[in-house]
Amino acid sequence: MRFSQAFIPTLKEVPADAQVASHVFMLRGGYIRKVASGIYSFMPLGMRVLSRIETIVREELDRAGAQEVLMPASVPAELWQESGRWQKYGPELLRFKDRGGADFCFGPTHEEVAVDMVRRETKSYRQLPINLYQIQTKFRDEMRPRAGLMRGREFVMKDAYSFDVDQDAALISYKSMYEAYKRIFARCGLDFRPVEADTGAIGGNLSHEFQVLAETGEDKLVACDSCGYAANVEEAAVRAVTEPAIGGGGDLTKVPTPGAKTIADVCEVLKVDAAQTIKSLVYTADGEPLVVLIRGDRTLNEIALKKLTGATELFLAREGQAEKATGAPVGSIGPAGLSLPIYADLELEGATGVVAGAGEEGMHYTGLDLARDCTITKYVALRIAEEGEGCPRCDGEYKAYQGIEVGHVFSLGTVYSEPMGCTFLDEGGKSQPMVMGCYGIGITRVAAAAIEQNHDEGGIIWPMSIAPYEVTVLPLQMKDDDLIAAAQKLYEELRELGVDVLLDDRNERPGAKFKDADLIGIPLRITIGKRSLGEGNLEMKWRREAEATQLPAEGAAEAITSAIAAEKERIAAI
RNA sequence: CGGGGCGUAGCGCAGUCUGGUAGCGCACCUGGUUUGGGACCAGGGUGUCGGAGGUUCGAAUCCUCUCGCCCCGACCA
């Protein structure tokens with residue numbers, strides 16, 4: 001492509017809407033434009049990136065035995081009523097009526113349609129397994145779209161659905177998709193981790209998220225540095241301690257802590273470390289108050305608490321409610337003498353010499369012994385796993401990461417097949433519900449995640465495998481006929497060799513071309529300028545590197561082609 | 001949905017408090033000079049000041065309503 005003919009409207013200034021790198025550079029580089037909140041158009045460069053990601057996804061899923069289909073974006077309500085999700089799904093589901101008044105929704109995911117397709121045509125165990133996928137625009141009416149493509153309302157997703165005869169067979173499907181996902185994200189040049197994830201309300205036994213490591217990620221993860229166990233922080237197990245996390249013994253002593261409302265205040269007044277203190281949090285679980293104890297420097301995992309209590313509605317009690325339930329103002333609440341259910345984090349078992357609220361305004365206890373002075377309902381893992389904590393599966397330690405969820409594989413069991421009557425006859429002639437799995441990849445989010453992970457101040461640094469063009473050629477002096485001819489020749493030759501090349505033939509000054517090339521982020525740049533051409537050379541520079549190297553003009557096209565091939569192999573090998 | 005902020009030229013912004021002919025930079029168009037990291041000179045004009053109502057002799061500016069967008073939080077497989 002010739003830049004002068006291309007629709008690549010780059011922006012010199014940062015659009016006010018954009019905060020994160022992927023959003024800023026996709027806007028500035030002319031990849032996307034916003035049409036409404038969380039809804040974007042893809043311009044030619046953006047479209048090329050999506051196509052390249054999709055190609056990798058197709059190749060790997062086809063290799064794994066899945067077959068591509070295309071289901072409708074508009075789904076009749078009846079299907080969603082059959083699965084029960086028409087009622088369950090909240091306002092995220094975009095619902096509308098056709099001219100006859102019939103209810104439809106714009107599919108945010110397609111379990112129902114996939115199940116319907118398969119149940120109509122599949123009657124025998126001989127026809128299974130089946131694994132179908134599609135690449136399609138989805139719509140989820142997010143409460144708060146944010147960060148450009150990272151959390152949009154409309155987005156391109158690859159979704160796949162597997163149908164098997166039983167749990168064992170379903171596990172084989174699951175594993176094969178898991179492996180395909182690893183290959184896909186590796187080929188996209190991403191640094192990612194498959195992590196164990198919450199199976200959520202949907203139940204099931206297995207679920208992994210594929211998280212791209214990036215500081216701007218919305219999800220928090222921990223990964224063990226030695227055994228490779230990794231999990232979403234909401235799901236991460238914590239190691240049970242053998243020694244009490246707080247020791248020191250001592251007698252129960254009431255001390256004044258005037259004005260101390262927070263753990264930090266108390267530590268200041270009593271000159272103790274936060275790890276010596278206990279936070280007493282009052283929660284309301286379906287209307288009933290309960291107390292949670294957690295070390296002063298820890299964070300409560302509300303998901304774990306929710307699972308423990310089984311409550312549908314769980315939230316931190318408001319100040320008034322907390323005081324009413326415990327008789328003490330927030331900041332001085334403590335576990336001693338309370339008659340409410342008290343759940344203490346596992347690491348507090350056996351704790352002595354603790355600092356905690358004394359249950360009256362402006363007073364705290366020191367020397368508290370949980371076993372001696374309080375009635376603990378249950379010790380249970382309630383804290384959020386943190387960096388440096390011991391791995392529960394080995395002797396290693398957790399490292400903390402932030403991640404962008406680009407893929408999710410999910411073992412579904414018969415949650416959809418049963419209510420929707422997606423059954424087959426087994427060898428004994430008995431009707432059985434199919435055992436399902438579903439598997440998603442956010443195509444548009446992969447593009448954003450790749451940028452979050454690969455950029456500098458100047459712009460994007462695309463992995464070769466998903467870049468909109470593999471190489472860009474910059475002739476610097478547009479009035480030098482010989483130089484133009486050399487650029488033209490190289491451009492033609494590269495195209496002949498099947499290379500995706502962008503020739504910047506605009507009548508711009510060199511500085512402008514360099515800036516745009518950096519911004520757009522094409523991984524390889526060939527500069528043709530008077531300086532080197534006089535000596536029969538071109539300059540080759542990788543976007544990710546600072547320095548250019550000289551490349552003889554003679555045979556340049558072949559050399560560039562093999563450099564690109566080598567780079568692709570390097571990415572695939574990782 | 002709760003809290004905060006913003007809407008003025010294609011983009012980034014000033015002007016709003018204290019009402020009085022709508023501005024700056026970039027981009028754009030014309031001409032010229034330039035050409036190895038976003039050039040310079042001269043000329044040109046961009047506009048329902050998000051929308052609707054109101055107050056006023058007069059509204060970008062004050063009041064009411066409304067729409068849109070961004071951020072923090074809550075929510076969600």
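The chains referred to below are lettered A, B, ... by the order of the sequence lines, with proteins before strands, and numbering in each begins at 1. Keep in mind that the numbers below use all heavy atoms, side chains included, and drop hydrogens, waters and symmetry copies.
- Here A:R144 reaches the OP1 or OP2 of B:rC71: one of its side-chain N or O atoms lies under 4.0 Å away.
- For B:rG58 and B:rC1, the C1' atoms lie 41 Å apart once the distance is rounded to whole Å.
- Checked against B:rC70, B:rC71, B:rC76, the side chain of A:S37 finds its nearest nucleotide in B:rC70.
- Backbone-only contact: A:Q19 has heavy atoms under 4.0 Å from sugar-phosphate atoms and none from a base.
- Closest to the side chain of A:A16, from the set B:rC13, B:rC26, B:rA74, is B:rC13.
- Comparing the P positions of B:rC17 and B:rC67 gives an interatomic distance of 26 Å, to the nearest angstrom.
- A 3.5 Å limit on both hydrogen-bonding distances identifies B:rC6 as the Watson-Crick or G-U partner of B:rG68.
- Within the nucleic acid shown, A:P475 has no heavy atom closer than 4.0 Å to any nucleic acid atom.
- Spacing between atom CD of A:E13 and atom P of B:rA9 amounts to 14 Å, rounded to whole angstrom units.
- Taking the C1' atoms as reference points, B:rG23 lies 14 Å from B:rU16, given to the whole Å.
- A:P9 pairs by the side chain to side chain contact (heavy atoms under 4.5 Å, CB included) definition with A:F7, A:R33, A:M43, not counting sequence neighbours.
- When all heavy atoms of A:L412 and A:E111 are compared, the pair lying nearest together is CD1-CG, 4.2 Å.
- Atom CD in A:E142 sits about 10 Å away from atom C1' in B:rC75, given to the nearest Å.
- For A:R146, no side-chain nitrogen or oxygen approaches OP1 or OP2 of B:rC71 to under 4.0 Å.
- Spacing between B:rA22 and B:rA9 at atom C1', rounded to whole Å, works out to 11 Å.
- Classification of A:K530 and A:E535 as a salt-bridged pair fails, no side-chain N sitting under 4.0 Å from a carboxylate O.
- A cation-pi geometry, defined here as NZ or CZ lying under 6.0 Å from the six-membered ring centre and within 45° of its normal, holds between A:R193 and A:Y401.
- Taking atom P in both B:rU64 and B:rG5, one finds a spacing of 15 Å when rounded to whole Å.
- Comparing B:rG20 with B:rG2, their P atoms are spaced 35 Å from each other, to the whole Å.
- Here the closest heavy-atom approach between residue A:Q550 and residue A:S532 is recorded as OE1-CB, 3.4 Å.
- A distance-only check finds no donor-acceptor pair linking the side chain of A:E68 to the backbone of A:Y133 [under 3.5 Å].
- Atoms CG (A:D17) and P (B:rG10) sit 15 Å apart, rounded to a whole Å.
- In a base pair of the Watson-Crick type (N1 to N3 plus N6-O4 or O6-N4) or a G-U wobble (N1-O2 and O6-N3), with each distance short of 3.5 Å, B:rU61 is matched with no nucleotide.
- Judged by Watson-Crick or G-U wobble contacts below 3.5 Å, the nucleotide B:rC49 has no partner.
- B:rA77 atom P lies 11 Å from atom CE of A:M143, rounded to whole Å.
- When Watson-Crick and G-U wobble pairs are counted only if both distances are under 3.5 Å, B:rA74 pairs with no nucleotide at all.
- Taking the six-membered ring for Trp and the full ring otherwise, the centers of A:F210 and A:H208 sit at least 6.0 Å from each other.
- Between A:D219 atom CG and B:rA77 atom P the separation is 14 Å, expressed in whole Å.
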| message | At under 4.0 Å between heavy atoms, how does the protein contact nucleotides 34-43 of chain B? Give one character per nucleotide, 5' to 3', with B, S or -. | response | BBBBBB----

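- In this structure, B:rC11 and B:rG25 make a Watson-Crick or G-U wobble pair, each of the two defining distances being under 3.5 angstrom.
- Between A:H455 and A:F25, the two ring planes are tilted [angle within 30° to 60°].
- Within the 4.0 angstrom heavy-atom criterion, only backbone atoms of the sugar-phosphate kind lie near A:A147; the bases stay farther away.
- The distance from atom CZ of A:R151 to atom P of B:rC72 is 12 Å, rounded to the nearest whole Å.
- Side-chain atoms of A:E209 and base atoms of B:rA77 include a donor and an acceptor less than 3.5 Å apart.
- At whole-Å resolution of the value, CZ in A:R153 and P in B:rG68 are 9 Å apart.
- Spacing of C1' atoms, B:rG51 relative to B:rC69, comes out at 15 Å, to the nearest Å.
- Using Watson-Crick or G-U wobble geometry with both donor-acceptor distances under 3.5 Å, B:rG38 finds no partner in any strand shown.
- A:Y439 is linked by a ring pair (Phe, Tyr, Trp, His ring centres under 6.0 Å) to nothing, counting only residues two or more places apart in sequence or in another chain.
- As judged by a 4.0 angstrom heavy-atom cut-off over every strand, A:E405 is placed among the base-contacting residues.
- A:R140 comes within 4.0 angstrom of nothing in the nucleic acid, heavy atoms only.
- At the heavy-atom level, A:A18 lies nowhere under 4.0 Å from the strands shown.
- Atom CZ in A:F7 sits about 12 Å away from atom C1' in B:rG10, given to the nearest Å.
- Taking atom C1' in both B:rU55 and B:rU61, one finds a spacing of 13 Å when rounded to whole Å.
- With A:W462 as the aromatic partner, A:R544 does not meet the cation-pi criteria of under 6.0 angstrom to the ring centre and within 45 degrees of the ring axis.
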